[in-house]
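Indexing begins at 1, ligand by ligand and atom by atom, following the structure's order. The chain is numbered in sequence order, starting from 1. Atom set for the values below is all heavy atoms of this structure, side chains included, hydrogens, waters and symmetry mates excluded.
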Amino acid sequence: MKKIFDYNKKHLIECKNLTKKEIQCFLKESEKYIKINKKKIKKTNLLNGRTVFNLFFEDSTRTRTSFEVAAKRLGADLINVSVKDSSINKGETLLDTMTTINSMSPDVLIVRHPEEGISLKISKIVSACVINAGDGSHEHPTQALLDALTIKKRFGNFKKLKIAICGDILHSRVARSNIEILTKLGCKINVVGPKSLIPKDIEKVKVYSSMKEGLKNCDIVMMLRIQKERIISKYVPNEKIYFEKYGLDYNKLDYANKNAFVMHPGPMNRDVEIDSKLADDVTRSLIQEQVTMGVAIRMACLEILINNKDI
Ligand code: ASP
């Protein structure tokens with residue numbers, strides 16, 4: 001008998017339409033994987049014989065490898081498609097590539113691509129489950145879920161928490177997904193950054209252009225990478241000046257609550273958006289913890305989606 005989860009869809013594309021109950025379902029299911037991941041032998045056979053494809057059309061270290069670790073720990077076979085050696089380079093369209101792979105009967109396609117909305121399009125033409133692992137500046141659901149799990153493990157719950165999300169909000173799919181998830185869980189969100197890096201249509205948050213004001217009373221300061229691959233230099237003319245105004249160091253962290261924690265999705269531009277020493281200070285920084293939680297949440301996502309595919 002298949003399990004009935006509070007998340008009953010077979011794709012995970014965006015946080016915008018997730019309910020609080022659905023978010024909690026992923027967080028709850030991750031708990032058992034947090035425990036398994038602490039054991040000496042981390043392998044389970046839950047997804048034995050299932051096939052998962054990693055299709056990354058943009059660079060990635062954490063997301064790609066943690067999906068690989070997650071799939072393998074669940075016993076699934078994981079295929080990493082190297083885009084640079086694929087027929088995309090011979091002119092095949094992305095959707096043709098996806099249809100081709102779908103004909104090999106995969107269970108899950110994990111897709112990262114610079115085009116916003118591409119995972120949704122793919123989910124409409126394949127029979128496999130689709131996980132959006134980042135589509136341009138749009139969304140990155142598993143990052144926001146792992147961030148929520150990290151916060152839950154540290155604070156116990158989300159009520160009354162105030163979180164500052166700082167830096168390049170405009171180009172950040174991490175910010176967009178986190179705002180959706182964390183507000184649904186009951187957190188208050190401040191976004192902080194230069195006006196040029198804040199989207200005009202931003203909702204559900206308070207907007208600040210001063211770190212001093214934006215970090216006041218915050219329990220968590222989530223820093224974002226300046227998206228150099230998406231940014232034109234007019235947004236950040238000088239990294240040194242940017243660091244002085246918006247880079248998080250111990251002094252600026254003092255604007256937040258006394259024991260506030262620092263988060264960053266990685267990869268970091270050290271000493272541009274975050275002081276190198278602070279990033280490595282495990283008494284204040286949850287950055288490594290975020291990576292650890294990433295494996296657990298991705299194991300839960302694979303389990304839940306594949307279960308839903310079978311119903
Ligand atoms: N790794 C995250 C992402 O893929 C954050 C970043 O790249 O800045 O969106």
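The single protein non-hydrogen atom nearest to atom 1 (N) of ligand 1 is Gly266 O, 2.9 Å, given as residue, atom name and distance. For atom 9 (O) of ligand 1, the nearest non-hydrogen atom of the protein is Arg173 NE, 2.8 Å.
In this structure, the side chains of Thr292 and Thr150 stay at 4.5 Å or more apart for every pair of heavy atoms. Using a 4.5 Å heavy-atom cutoff, the side chains of Thr142 and Phe26 are not in contact.
At a 4.0 Å cut-off, not a single heavy atom of Ser60 sits close enough to ligand 1 to count as contact. Ligand 1 is never approached by Glu58 to a heavy-atom distance shorter than 4.0 Å. A heavy-atom separation below 4.0 Å is found between His140 and ligand 1.
Asp135 and Asn132 form a side-chain donor-acceptor contact under 3.5 Å, judged by distance and modelled atom types alone.
Using a cutoff of 4.0 Å between basic side-chain nitrogens and carboxylate oxygens, Glu116 and Arg173 are not scored as salt-bridged. Using a 4.0 Å cut-off between charged side-chain N and carboxylate O, Arg73 and Glu68 make no salt bridge.
Taking the six-membered ring where tryptophan is involved, the planes of Phe261 and Phe155 are perpendicular, since the angle between them exceeds 60° and thus also 30°.
Residue contacts with ligand 1 for Arg112 involve side-chain atoms from C-beta outward but no N, CA, C or O (heavy atoms, distance under 4.0 Å).
Residue Arg225 approaches ligand 1 through these ligand atoms, each under 4.0 Å from one of its heavy atoms: 6 (C), 7 (O), 8 (O). Those atoms of ligand 1 that come under 4.0 Å of a heavy atom in Val174, given as number and element, are 2 (C), 5 (C), 9 (O).
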